[in-house]
Each structure stands twice: as structure tokens, then as C-alpha cells.
Amino acid sequence: MINKKVNSVSEALQGIEDNMTLLIGGFGLCGIPENSIAELVKKQTKNLTCVSNNAGVDDFGLGLLLQQKQIKKMISSYVGENAEFERQMLSGELEVELIPQGTLAERCRAAQAGIPAFFTPAGYGTEVAAGKETREFNGKMHLLEHAFKADFAIVKAWKGDEAGNLVFKGTARNFNPCMCGAAKITIAEVEELLPAGSIDPNEIHIPGILVQRIFKGEIFEKRIEQRTVRKRA
């Protein structure tokens, strides 16, 4: 059995260079690869194209890379929680491609499955359709969307083993699983790193064949994006 374990985040991110395209897992601030993002800030890697559902908040998640002007293009579905993202987009400092959330997920999954392109009705008749091939299926118009071509996918899982098998928890199962294997190299940071064979095969969400490097994250802040509490009676 191949051991995919690396000993540190810096070792895991070896080979990531300026001008690369990265798939970054997570949904809002849930299930984001916090340690890897912090290391990218430290490495000062720049001119990155980042594919992620959103770009974190101003001072956390991908917002840290935006603060340092390390991202040249964001491909995402949602910008509502990050004022700096909005400012850079409206000022023209940041190139942004906004796409429907389901299309973003499917473009990752298609890359994972080796499917180069697919047709979807999402976005037809809107600005999303500009310049794209269209075709009618069963009386409904569809757009041709292409799978992502990324250099690295960086995901975060709850548990993993040294063979790269992963288990995700709750909302972290949005986007993280479909990004595994959707790039040339997939890096997984996990809260618990177990010996190979420790995870029940029936509980594995992503098999190790889709993961090239795995490491145990040191600190997970797990910040809440919008804290909502019930008012006292």
C-alpha cells in the first residue's frame, strides 16, 4: 500500500508556484483547508487562479490571500461575505468569473471523472451564457461547460489514513469531495490522521487513489461565518 503521508504543510505544498490554478475546498468557512491557505500566504505565492465556492471573509480563509494581492483571478459562486473581494472585483484589480454553484461543483466532478465537458441548463439566457456553445435537449436549451484544468486541489477532511482515504463531516462534504482527483495533484489536510486500514471501508467518502499527499493540520480555528443565536425570552 502506498503511503501518502507528508510530515508538514510546507512539504505538502511543494511544487505550488506563481501563476498556477488551484481548487480550494470548503463551503463558506466550513471545511476550508486553513493550514494550507496560511502556508500559501507565508510562501507569498502570487498570481494565482483560485477555484472555490467563495473567497472566505476579509481576514480569514482565501480572504487572507486577497489581502496580500496573491490572487489574480477568482472563479466562484458567491462573494457576499468578503468586502475586500467585492472591492477588488468592482475596481478591476481582480479578475472574477461568477458561475452557478451547481455548475462549479459539476465542473470539478467532471474533471475528477475525466469528462472534458458537459451540457447544463443553468445560466442559459443570462450573462453566464456569453460566448458559450448552446444546444437543445428535450425542448430545453443548455450551455456547454468545460471541466476545470487545475494544477493542485487542496481539500480539508475530518479524518484520513496514510493511504489517502478520506472521511468528511457535515457541510464540509460540499465541494471538498468533488475536488479530489480533479487536479494534477490533490493535497488533503485532516484533523485526524490514522494508520492505513483504520477506517471502515464503508465509511470512506473518497478513496486514496484520488489523493497524492495527506498531512495532519496543526490548528483548525473553524470560524463561524454568520453567528446567529436565539434571543433570550
Side-chain angles (χ1 to χ4, degrees), residues 2-17 20-45 48 50-57 59-66 68 70-71 76 105 108 111-112 148 150-196 198-199 203-225:
I2 299 175
N3 190 327
K4 312 287 182 70
K5 176 186 174 183
V6 296
N7 294 316
S8 66
V9 62
S10 60
E11 185 179 347
L13 268 56
Q14 283 185 359
I16 297 182
E17 300 174 351
M20 283 189 167
T21 297
L22 309 180
L23 304 178
I24 308 289
F27 185 80
L29 298 182
C30 180
I32 64 172
E34 298 178 32
N35 294 267
S36 297
I37 292 170
E39 181 67 16
L40 287 171
V41 174
K42 182 179 176 182
K43 283 165 57 74
Q44 298 183 329
T45 314
L48 295 170
C50 291
V51 180
S52 183
N53 176 58
N54 67 326
V57 293
D59 60 348
F60 194 62
L62 288 179
L64 296 172
L65 290 172
L66 285 168
Q68 302 301 318
Q70 292 173 254
I71 300 175
S76 55
C108 293
Q112 180 189 72
F148 289 122
D151 300 291
F152 285 82
I154 308 176
V155 303
K156 188 261 179 178
W158 173 36
K159 293 190 293 187
D161 66 20
E162 294 176 351
N165 299 303
L166 303 178
V167 180
F168 301 94
K169 190 174 186 179
T171 308
R173 290 186 74 178
N174 288 326
F175 294 101
N176 275 305
C178 64
M179 287 183 174
C180 294
K184 295 175 183 176
I185 295 175
T186 295
I187 301 164
E189 65 175 64
V190 297
E191 295 180 44
E192 292 183 48
L193 183 54
L194 306 168
S198 299
I199 304 174
E203 296 178 354
I204 291 171
H205 296 145
I206 286 294
I209 194 170
L210 297 178
V211 176
Q212 282 69 49
R213 304 173 191 170
I214 187 169
F215 71 97
K216 185 180 186 302
E218 292 183 1
I219 300 173
F220 289 99
E221 187 175 336
K222 297 184 181 180
R223 198 182 295 188
I224 296 174
E225 196 167 2

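We're numbering straight along the sequence, starting at 1.
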Student: What is the distance from atom CG of Asn35 to atom NZ of Lys42, rounded to the nearest 0.5 Å?
Tutor: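 So the CG of Asn35 and the NZ of Lys42 are separated by 11.5 Å.
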Student: Is a side-chain N or O of Asp151 found less than 3.5 angstrom from the main chain of Ala183, in a donor-acceptor match?
Tutor: no
Student: Should Ile206 and Val155 be marked as a side chain to side chain contact (heavy atoms under 4.5 Å, CB included) after you check the CA-CA gap, both sets of side-chain angles, and the distance that decides it?
Tutor: CA-CA 11 Å; Ile206 286 294; Val155 303; over 6 Å; no
Student: Apply side chain to side chain contact (heavy atoms under 4.5 Å, CB included) to the pair Ile32 and Ile24, showing each step before the final yes or no.
Tutor: CA-CA 7 Å; Ile32 64 172; Ile24 308 289; 5.7 Å; no
Student: Side chains of Arg213 and Phe152: does their closest heavy-atom pair fall under 4.5 Å?
Tutor: yes
Student: Tell me the closest heavy-atom pair linking Ser52 and Ser76, and the distance in Å.
Tutor: O-CB, 2.8 Å
Student: Could you tell me the separation between the CD1 atom of Ile16 and the OG atom of Ser10, rounded to the nearest 0.5 Å?
Tutor: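 Answer rounded to 0.5 Å: 11.5 Å.
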Student: Check the pair Lys156 / Glu191 against salt bridge (Lys or Arg N to Asp or Glu O under 4.0 Å), numbers first and verdict last.
Tutor: CA-CA 8 Å; Lys156 188 261 179 178; Glu191 295 180 44; 2.4 Å; yes
Student: Which atom pair, heavy atoms only, marks the closest approach of Ala105 to Cys178?
Tutor: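 Answer, listing the atom of Ala105 first, then Cys178: O-SG, 3.8 Å.
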Student: Begin from the C-alpha positions of Leu166 and Ile214 and carry the test side chain to side chain contact (heavy atoms under 4.5 Å, CB included) through to its verdict.
Tutor: CA-CA 9 Å; Leu166 303 178; Ile214 187 169; 3.7 Å; yes
Student: Distance check, rounded to the nearest 0.5 Å: Thr171 atom OG1 versus Leu29 atom CG?
Tutor: 11.5 Å
Student: Do the side chains of Phe215 and Leu193 get nearer than 4.5 Å, heavy atoms only?
Tutor: no
Student: With the side chain counted from C-beta on, respond yes when Asn53 and Asn174 share a heavy-atom pair under 4.5 Å apart, and no when they do not.
Tutor: no
Student: Return yes when atom CD of Glu218 has more than 12 non-hydrogen atoms of other residues, nucleotides or ligands closer than 6.0 Å, and no otherwise.
Tutor: no
Student: Please report the shortest heavy-atom distance between Leu194 and Lys159, naming the atom on each side.
Tutor: CD1-CD, 4.3 Å
Student: Side chains of Ile154 and Leu40, heavy atoms from C-beta outward: is any pair under 4.5 Å?
Tutor: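 Sidechains of Leu40 and Ile154: in contact.
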Student: Any non-hydrogen side-chain atom of Leu210 less than 4.5 Å from a side-chain atom of Thr186?
Tutor: no
Student: Taking atom CG of Asn165 and atom CD1 of Ile209, what is their separation to the nearest 0.5 Å?
Tutor: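 One gets 10.5 Å once the value is rounded to the nearest 0.5 Å.
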Student: Using every non-hydrogen atom in the two residues, find where Gly25 and Pro33 come nearest and quote the distance to one decimal.
Tutor: O-CD, 3.4 Å
Student: Under 4.5 Å between any side-chain heavy atoms of Glu189 and Ser36, yes or no?
Tutor: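 They are in contact (side-chain heavy atoms under 4.5 Å apart), so the answer is yes.
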Student: Check whether any side-chain heavy atom of Leu23 sits under 4.5 Å from a side-chain heavy atom of Gln112, and report yes or no.
Tutor: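 SC-SC contact between Leu23 and Gln112 ruled out.
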Student: Atom CG in Asn176, atom NZ in Lys169: separation rounded to 0.5 Å?
Tutor: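 The distance works out to 14.5 Å.
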Student: Looking only at heavy atoms, what is the nearest atom pair of Ala188 and Val211, with distance?
Tutor: CB-CG1, 4.2 Å
Student: Mind checking the CD-SG spacing from Gln212 to Cys180? Nearest 0.5 Å is all I need.
Tutor: 9.5 Å
Student: Indicate the atoms forming the closest heavy-atom contact of Glu34 with Glu221, along with that distance.
Tutor: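 Where Glu34 meets Glu221 most closely, the heavy atoms are OE1-N, 2.7 Å.
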